[in-house]
Amino acid sequence: MGAMQTVTAVAHRGAPYRFRENTLDSLRCALGLGADAVEIDVRLTRDNVPVLLHDETLDRLWGHPRPLRSVSAAELSGLTAGGVPTLEQALAATDGSRVMVDLCGRVDRRTAAAVLDVVRQCGAADRVYYCAGAEAMLAVRAADPAAEIALTWTTLAPPRPALLDAVRPRWLNYRFTLVDRNLAARVHRAGHLLSVWTPDTRRSLRRLLGLGADSITTNRVDALHALRAVD
């Protein structure tokens with residue numbers, strides 16, 4: 001069976017062309033469109049509740065310039081009419097499906113522990129995996145020796161062996177424009193799975209399928225699902 005059939009289709013923030021990103025409607029829609037997993041952005045409120053928001057502030061999506069870290073979970077619910085889900089709500093809405101948690105902003109051990117605690121309490125540890133840069137993934141690894149990790153890497157220079165030994169990622173997660181046949185081969189030769197983000201055109205999706213990407217995170221998961229079915 002080739003990569004075309006086995007690639008994991010990951011919906012970036014849900015289905016953002018149909019519903020507002022990182023909302024429960026967006027996540028549910030993406031799963032209905034054929035996503036194998038949904039990618040969500042997680043940050044903490046002032047009272048350390050993990051919620052789904054990519055940006056530092058509520059400005060772009062919700063029209064409030066306030067930083068999320070200055071708002072309690074209860075205030076957030078009021079400001080957005082309940083529109084920003086908690087991680088707990090998102091895990092309930094995606095029950096049974098894989099969830100890729102992108103830890104946004106500065107992530108220390110306390111932040112990572114707060115997120116992983118919710119995942120554990122929800123009984124979702126076996127279907128949740130984590131992505132972000134080295135600092136955040138080191139914090140996740142410290143909080144959970146068994147966590148599944150996709151180390152986000154933004155340069156062509158490979159991660160240092162010492163970092164890989166410390167993080168023990170299952171996936172290396174690259175911006176799709178960096179990926180060519182040589183990089184894909186190097187990742188696979190080192191024993192990792194290749195995850196890419198965020199191609200949205202059919203041409204880019206087709207190219208990455210052909211290169212053997214193991215996982216593709218896209219804003220158009222319906223297009224990826226259709227290509228995968230044809231190929």
Side-chain angles (χ1 to χ4, degrees), residues 9-33 35-107 110-125 127-133 136-137 139-140 143 147-150 152 173 195 197-198 217-221:
V10 183
H12 187 241
R13 306 177 193 172
Y17 285 105
R18 303 193 183 211
F19 292 94
R20 199 178 319 208
E21 67 182 51
N22 282 315
T23 58
L24 297 181
D25 283 342
S26 193
L27 303 185
R28 291 188 185 108
C29 178
L31 292 171
L33 292 171
D36 301 310
V38 291
E39 183 264 4
I40 58 176
D41 301 298
V42 173
R43 291 178 179 268
L44 301 186
T45 59
R46 190 179 70 221
D47 47 347
N48 293 322
V49 176
V51 298
L52 275 58
L53 190 72
H54 175 269
D55 303 351
E56 285 185 26
T57 75
L58 298 167
D59 196 24
R60 175 174 64 93
L61 287 175
W62 301 98
H64 300 284
R66 294 176 66 181
L68 179 66
R69 278 304 259 172
S70 74
V71 178
S72 71
E75 289 172 320
L76 176 66
S77 184
L79 286 170
T80 64
V84 176
T86 63
L87 176 57
E88 183 178 359
Q89 290 171 327
L91 292 173
T94 57
D95 186 31
S97 297
R98 296 264 283 158
V99 178
M100 183 188 225
V101 172
D102 192 345
L103 293 167
C104 295
R106 191 172 177 281
V107 177
R110 286 179 62 190
T111 306
V115 173
L116 271 72
D117 282 350
V118 170
V119 172
R120 259 193 299 268
Q121 288 158 14
C122 292
R127 63 186 178 93
V128 170
Y129 58 122
Y130 304 88
C131 72
M137 293 301 93
V140 167
E148 182 179 343
I149 285 175
T152 299
N173 189 37
S195 168
W197 48 277
T198 22
T217 302
T218 175
N219 291 299
R220 297 191 179 278
V221 79

Next item on the list: Under the side-chain contact (heavy atoms from CB on, under 4.5 Å) rule, what do Trp62 and Leu79 come out as? Steps first, then yes or no, please.
Entry: CA-CA 8 Å; Trp62 301 98; Leu79 286 170; over 6 Å; no

Notebook entry, point to check: Could you state the interatomic distance from CZ (Arg220) to CZ (Arg18), rounded to the nearest 0.5 Å?
Noted result: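 Result: 9.0 Å between the selected atoms.
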
Item checked: Rounded distance [0.5 Å steps], CG in Leu103 versus CD1 in Ile40 ->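 It comes to 9.5 Å.
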
Check: Taking only residues at least two apart or on different chains, which pairs with a member in residues 86-101 satisfy salt bridge (Lys or Arg N to Asp or Glu O under 4.0 Å)?
Finding: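 The answer is Arg98-Glu148.
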
Checklist line | Pairs touching residues 50-64 that satisfy salt bridge (Lys or Arg N to Asp or Glu O under 4.0 Å), sequence neighbours left out | finding: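 Of all non-adjacent pairs touching residues 50-64, those that pass salt bridge (Lys or Arg N to Asp or Glu O under 4.0 Å) are Glu21-Arg60, Asp55-Arg60.
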
Heavy-atom closest pair, residues [X] and [Y]:
{"X": "Met100", "Y": "Ser195", "answer": "CE-OG, 3.9 Å"}
{"X": "Pro67", "Y": "Ser70", "answer": "O-OG, 2.7 Å"}
{"X": "Asn48", "Y": "Leu44", "answer": "OD1-CD1, 3.8 Å"}
{"X": "Ser72", "Y": "Arg46", "answer": "CB-NH2, 3.7 Å"}
{"X": "Asn219", "Y": "Pro16", "answer": "OD1-CG, 3.2 Å"}

Notebook entry, point to check: Does Thr45 have any side chain to side chain contact (heavy atoms under 4.5 Å, CB included) partners at least two apart in sequence or in another chain, and if so, which?
Noted result: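 For Thr45 the side chain to side chain contact (heavy atoms under 4.5 Å, CB included) partners, ignoring immediate neighbours, are Asp47, Val49, Val51, Leu68, Ala73, Leu76.
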
Checklist line | Test side-chain contact (heavy atoms from CB on, under 4.5 Å) applied to Arg127 and Leu91, step by step | finding: CA-CA 10 Å; Arg127 63 186 178 93; Leu91 292 173; 3.9 Å; yes

Notebook entry, point to check: Of all residues at least two apart in sequence or in a different chain, which pass the salt bridge (Lys or Arg N to Asp or Glu O under 4.0 Å) check with Arg20?
Noted result: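 Partners of Arg20 under the salt bridge (Lys or Arg N to Asp or Glu O under 4.0 Å) test: none.
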
Please table the atom pairs, donor to acceptor, closer than 3.5 Å between any side-chain atom in residues 112-121 and protein atoms at least two apart or in another chain.
| from | atom 1 | to | atom 2 | distance (Å) |
| --- | --- | --- | --- | --- |
| Asp117 | OD1 | Arg120 | NH2 | 2.9 |

Below 3.5 Å, can you tabulate the donor-acceptor pairs from side chains in residues 24-33 to any protein atom, sequence neighbours excluded?
| from | atom 1 | to | atom 2 | distance (Å) |
| --- | --- | --- | --- | --- |
| Ser26 | OG | Arg13 | O | 3.2 |
| Ser26 | OG | Ala15 | N | 2.7 |

